[in-house]
Amino acid sequence: MSAYEPKRIESKWQAVWAEEHTWEVANPGQPGFAPEKPKAYVLEMLPYPSGEPHVGHLKCYAVGDAIAHFRRRHGFQVIHPMGYDSFGLPAENNAIKTGEPPRVATERSIDSFRRQFRSWGISIDWSRELATHTPEYYRWTQWIFLQLLENGLAYRTQAPVQWCPKDATVLANEQVVDGRCERCGTPVVQRNLEQWFFRITDYADRLLADFDSLDSWPEHVVTMQRNWIGRSEGAEVVFRCDEVGLDFPVFTTRPDTLFGATFFVLAPEHPELERLVAGTPAEAAVREYVDRVGRESAEERGAEDREKTGVALGRSVVNPVNGERIPMYVADYVLMEYGTGAIMAVPGHDSRDYEFARAFELPLSRVIEGSDPEAARDDDGLPYPGDGPMVNSGRFDGKHNRDAYAEIVAWLEVEGRGRTAVNFRLRDWLVSRQRYWGAPIPVVYCEACGAEGEPAIVPIPADQLPVELPEVEDYAPKGRSPLAAAEDWVSTSCPRCGGPARRETDTMDTFVDSSWYFLRYLDPGNEEAPWDRAAADHWFPVDQYIGGVEHAILHLMYARFFTKALADLGHIGAVEPFANLFTQGMITRDGAKMSKSRGNVVSPGEFVERYGADTARTYICFMGPPERGGDWTDEGVEGVNRFLARLWRLGEEVEQRTDPGEWEAATAGPESRQLMAKAHWAIDKATRDFSRGFQFNTVVAAVMELVNDCYRLKDGLFESADGAAALRFATTTAASLIFPFAPHLASEVFERLRGERVWEQPWPEADPALLAADTVTLVVQVNGKLRDRIEAAAEADRDELLELARGSEKVGRHLDGKEVVKEVVVPGKLVNFVVR
RNA sequence: GCCGGAGUGGCGGAAUUGGCAUACGCGAUCGACUCAAAAUCGAUUGCCCUUGCGGGCUUGUGGGUUCGAGUCCCACCUCCGGCACCA
């Protein structure tokens, strides 16, 4: 008998799959397309190729591949492609350090990723491979940009934006975490810059509403996106400043507290501040305050428990509900990017306004009664955020605030001083980056086509795409894109008038690249269009998407937005890209995230070299439910490796000691029947757990049990023809069920015993006749306590079971001298005597 | 503070509809094989009392519902993740 040598069988089967293009699928209308099969689009998030793949990649693709195999063997035509998110900052930062062009380092990483993915035996359709940094791909990224631009969904404007000083580029709101750059951790600062945006806010309501169609998405991902989008219903109310003749609209979710407004606050970035204080005694102090705030990082400004600061403007506005004049302030607790950048302050019912009022000794006013004295910070029970009858509110006094809410808004509307309004936390997506390694934004600026001294933005015609990324000498960012130094490239002619024009030098956020790659896979070689509509209509949307939860907001929300926009523009049918989403948990080691500095990194390359891909994949799936994290232990790996070797040896022994063809109907003897029943139990268990939220750990456990039973029973079974047949059946079944996790070993064992290719076989079906046991273990309880277990006929009725239970000596001991007040019988399961 | 998720042996974890708690794996102990070791095969392994038979206890804590609760309800504790001056 030969030992289990993973390297040998893994390279053998990988060669077969590569040579025969086993996992490739054709598009509708092409040769090889199977119109009779239902389709399944199984997709894992594409990797950012940097260095070598890590254990997180291995987990993602192991899980996705198991799903793809399971679907194939259920008769689906599965499209399962792979690509690389190959634009991005790490390659560029490396270039700044070493001078090596990003393209060279990136393509080296891609080679290494591709090699490893092949060595893992993942069933990928390599004919659809793509990389987002290639002109063949980003040509269409640019095309989509132009589609958005033409349809008013992309625009350029000046706005306060987040700037990362270290990476020397602007960032989208989503890429700022706790006031720091998501990528490098540097505190970001605000700058007022002209930038490109995508109008994702137009889709805010639909991004929320369409969650209804995504019922298999993990709840926490949906919650995170909901929070991020942050829809609030309320009212816009206009306060007028007579002194300068300006209207100041505010957004409030509490129009019922309007009568309690005692002051008014503007954000330091508010555009009308200058006009309000110019030439007044407050001017110097306000200017100093605004400057000070402007120098602070977002992190400092957003710090917890920060003292309220601000400056009085010496101006006032009129409260539209009661005509009261209230003083205006500037304070940094009001944010320019939310609402209108101005608020009415109701210190009696809002804790932030309360803190400011305390600090500046401003008056409080209660307009809603009823309080929870425990929660209040004040003797008057203020601030009070809850509901109750209204007071100090003119003709609304005595009304419940919830009822008054709509009446106040309706009244304001009649007066022309307000209206209902919905406000979102979500901002438009800032997509321009002052960096090199990304898709160039395909527009030029033309003086001749412009007007009033402003150059016109002229899009590059689609047939002249791609706007290729030029080679440059110096990748270092200098506050503008390194592309600005490529004078030959920047200086061009206007596609509209033919006169001199200058190219846009910013590139696109790499999240743009990954917001549509799942569509390009459907028709990756198409040179006429980003995809063929018929191919997209057939394959799209993705049926099962798999990836890390760290993309819960950014990537998943952007991709949803793109899909909706592209559907609106008539390019695809579906409005949601990912019908089902599975987020895998993170693998740790010694309870901590793997990192070079901790020295606890498991390298998949070295690991697969030593143990084989089958062990790596099966172990990852056995660690625990894949949506949860898991701690990697070397002992656990050994256990799984031992199990696979055990299956291997079983296969060898069965092959040598039994004859082919013996695997049919083998239930003559009691032991062979027992093993057949176990095999069918494993089929049933594996199938159910696979379908029930991908519980791979218990699927693997079921196959382990089957193999254990084979070992327990095999010495006796080899003696008889029916026993040998049962062993053949059980062993091939174990191979068949483990195939989604250990495809190489499974293919080898299956081929040896059956002469067939396991992936071409349908997933096994459990025989109900063998699932149903003849006898069951009857549990007998007295007062709910387990007293005995008795073998009983499966179909025994209530009276028979009771009689059987009473007959037990162990049970009788606990019934002696007691009065049985109740008998509970669950047929096929248990009897419980309640005694007194 | 708000919103999610989770607490089960020495460890990772299982328990599908309220019905045998601890499947499977790891670790540990013992045995077989071996000159020996490794590998392999087999047995035992929640905790406490007991020589044994047997008995008691046990799913973060405290209560409740039920013949019966890891599972349902109430209160609380701890840990993890997300959001947080969002008007």
Side-chain angles (χ1 to χ4, degrees), chain A residues 3 177-178 218-228 230-232 234 250-254 257 265 267 301-306 308 331-335 337-346 349-353 355-356 375 423-427 549-550 552-553 585-586 619 622-625 627-640 642-643 645-646 649 685 688-689 692 695 697-708 711-712 715 776-786 788-789 810 813 821-826 828-835:
Chain A
V177 177
D178 292 334
E219 201 183 330
H220 66 281
V221 172
V222 174
T223 306
M224 280 164 73
Q225 280 199 25
R226 277 190 200 283
N227 289 345
W228 188 265
R231 184 180 198 273
S232 339
V250 301
F251 174 75
T252 177
T253 54
R254 295 295 304 274
T257 63
V265 190
R301 185 166 165 184
E304 223 174 314
D305 297 332
R306 183 180 160 97
K308 291 280 181 289
D332 67 358
Y333 81 94
V334 174
L335 309 174
E337 55 280 13
Y338 187 78
T340 61
I343 62 156
M344 65 171 201
V346 185
H349 301 280
D350 180 282
S351 61
R352 298 151 302 178
D353 298 340
E355 282 166 22
F356 190 87
N423 208 21
F424 293 95
R425 205 187 89 103
L426 181 69
R427 304 288 88 208
V549 73
E550 64 274 18
I553 295 175
M586 199 176 51
Y619 173 59
F622 183 63
M623 285 170 83
E627 71 273 16
R628 271 195 252 163
D631 205 54
W632 181 286
T633 65
D634 296 338
E635 292 79 14
V637 168
E638 292 286 352
V640 167
R642 225 157 17 217
F643 157 65
R646 222 161 124 83
R649 285 193 304 271
K685 169 87 177 153
R688 274 185 298 123
D689 289 356
R692 194 164 56 99
Q695 275 196 38
N697 51 330
T698 54
V699 174
V700 175
V703 183
M704 286 175 168
E705 284 196 50
L706 177 58
V707 171
N708 287 347
Y711 271 80
R712 241 191 300 281
D715 289 340
V776 293
T777 305
L778 181 73
V779 172
V780 186
Q781 300 176 335
V782 177
N783 281 351
K785 284 202 166 85
L786 177 74
D788 201 4
R789 293 174 189 157
K810 290 178 185 172
R813 201 166 18 215
V821 293
K822 191 169 182 180
E823 291 157 342
V824 181
V825 181
V826 182
K829 281 216 172 99
L830 120 172
V831 169
N832 185 16
F833 295 105
V834 183
V835 300

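To find a chain, count down the sequence lines: A is the first, B the second, and so on, and within it residues start at 1.
- Residue contacts shown for A/Thr633 are absent, as no nucleic acid heavy atom lies under 4.0 Å away.
- Only the C1' atoms considered, B/rA43 is 24 Å distant from B/rC48, to the nearest whole Å.
- When the side-chain nitrogen and oxygen atoms of A/Arg642 are compared with OP1 and OP2 of B/rG27, one or more of them lie within a distance under 4.0 Å.
- If you check the side chains of A/Asn227 and A/Arg425, you find no donor sitting under 3.5 Å from an acceptor.
- A/Val549 comes within 4.0 angstrom of no nucleic acid atom, judged by non-hydrogen atoms across all strands.
- Remark: the separation of the C1' atoms in B/rU29 and B/rC35 is 25 Å, to the nearest Å.
- B/rU61 and B/rG82: their C1' atoms are spaced 27 Å apart (whole Å).
- Computed from coordinates, the A/His220 NE2 to B/rG5 P distance equals 10 Å when rounded to whole Å.
- Comparing the P positions of B/rU44 and B/rC26 gives an interatomic distance of 16 Å, to the nearest angstrom.
- The nucleotide B/rA21 finds no pairing partner, because no Watson-Crick or G-U wobble arrangement with both distances shorter than 3.5 Å includes it.
- The nucleotide whose nearest atom lies closest to any side-chain atom of A/Glu635 is, among B/rC57, B/rC26, B/rC24, B/rC26.
- The nearest whole Å value for the distance from the OH atom in A/Tyr338 to the P atom in B/rC83 is 17 Å.
- Straight-line distance from the CG atom of A/Asp715 to the P atom of B/rU40: 17 Å, rounded to whole Å.
- A gap of 36 Å separates the P atoms of B/rG81 and B/rG64, to the nearest Å.
- Partners of A/Glu705 by side-chain hydrogen bond (donor to acceptor under 3.5 Å, both in side chains), not counting sequence neighbours, listed by chain and number: A/Lys678.
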Each nucleotide N or O in nucleotides 42-53 of chain B that has a protein N or O under 3.5 Å away: list the pair and distance.
from	atom 1	to	atom 2	distance (Å)
B/rG42	OP2	A/Arg646	NH1	3.4

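- Taking every side-chain heavy atom of A/Arg425 into account, B/rA84 is the closest of B/rA87, B/rA84, B/rA23.
- Using a 4.0 Å heavy-atom distance criterion, A/Gly339 is classed as making no nucleic acid contact.
- Residues satisfying the side chain to side chain contact (heavy atoms under 4.5 Å, CB included) test with A/Lys822, not counting sequence neighbours, are A/Val824, A/Val834.
- The listed nucleotides are B/rC85, B/rC24, B/rA87; the one nearest the side chain of A/Ser232 is B/rA87.
- In this structure, CZ on A/Arg628 lies 15.0 Å from CE on A/Met586, to the nearest 0.5 angstrom.
- With contacts defined as side-chain heavy-atom distances shorter than 4.5 Å, the pair A/Glu627/A/Val549 does not qualify.
- Across all strands shown, the partner of B/rA32 is B/rU40, judged by Watson-Crick or G-U wobble contacts whose two distances both fall under 3.5 Å.
- Base pairing analysis places B/rA14 opposite nothing; no Watson-Crick or G-U wobble pair with both distances below 3.5 Å involves it.
- Base pairing analysis places B/rC2 opposite B/rG82; the two distances defining the Watson-Crick or G-U wobble pair are each below 3.5 Å.
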Mark up nucleotides 12-22 of chain B, 5' to 3', with B wherever a protein heavy atom is under 4.0 angstrom from a base atom, S wherever such an atom reaches only the sugar-phosphate, and - elsewhere.
BSSSB--BBS-

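- Atom pair A/Met224:CE and B/rG82:C1' shows a separation of 5 Å (rounding to whole Å applied).
- Under the side-chain hydrogen bond (donor to acceptor under 3.5 Å, both in side chains) criterion, A/Glu823 pairs with A/Arg806, not counting sequence neighbours.
- As a whole-Å value, the separation of A/Glu219 CD from B/rC3 C1' is 10 Å.
- For A/Gln695, the side-chain hydrogen bond (donor to acceptor under 3.5 Å, both in side chains) test picks out no residue, with sequence neighbours left out.
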Assess whether side chain to side chain contact (heavy atoms under 4.5 Å, CB included) is satisfied between A/Asp353 and A/Met344, documenting all intermediate values.
CA-CA 9 Å; A/Asp353 298 340; A/Met344 65 171 201; over 6 Å; no

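- Side-chain N or O atoms of A/Arg427 include one that pairs as donor or acceptor with a backbone N or O of A/Glu337 at under 3.5 Å.
- In B/rG9 the base sits syn relative to the sugar, since the glycosidic angle is no further than 90° from 0.
- Counting any heavy atom pair closer than 4.0 Å across all strands shown, A/Lys785 reaches sugar-phosphate atoms only and no base atom.
- Going from the P atom of B/rG5 to that of B/rG10 covers 28 Å, rounded to whole Å.
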Show, in sequence, the C-alpha distance, side-chain angles and deciding distance for A/Met704 and A/Phe622, and conclude whether the side chain to side chain contact (heavy atoms under 4.5 Å, CB included) test is met.
CA-CA 11 Å; A/Met704 286 175 168; A/Phe622 183 63; 3.8 Å; yes

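- Between the P atoms of B/rU59 and B/rC20, the separation comes to 15 Å (whole Å).
- Judged by closest nucleotide on RNA chain B, A/Lys822 is the one of A/Glu337 and A/Lys822 placed further toward the 5' end.
- The same atom, P, is picked in B/rA21 and in B/rG56; the two are 13 Å apart, to the nearest Å.
- Within the structure, every side-chain polar atom (N or O) of A/Arg226 is placed at least 4.0 Å from both OP1 and OP2 of B/rG4.
- Remark: B/rU51 base-pairs with no nucleotide; criterion is Watson-Crick or G-U wobble with both hydrogen-bond distances under 3.5 Å.
- When the P atom of B/rC85 is taken as reference, atom CD of A/Glu355 falls 12 Å away, rounded to whole Å.
- Remark: B/rC57 base-pairs with B/rG46; criterion is Watson-Crick or G-U wobble with both hydrogen-bond distances under 3.5 Å.
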Mind running side chain to side chain contact (heavy atoms under 4.5 Å, CB included) on A/Arg254 and A/Val346 for me, showing each step along the way?
CA-CA 9 Å; A/Arg254 295 295 304 274; A/Val346 185; over 6 Å; no

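- With contacts defined as side-chain heavy-atom distances shorter than 4.5 Å, the pair A/Thr340/A/Tyr338 does not qualify.
- If you check B/rG4, B/rG25, B/rC85 against the side chain of A/Tyr333, the one that comes closest is B/rC85.
- Following rounding to the nearest Å, A/Leu706 (CG) and B/rG25 (P) show an atom-to-atom distance of 12 Å.
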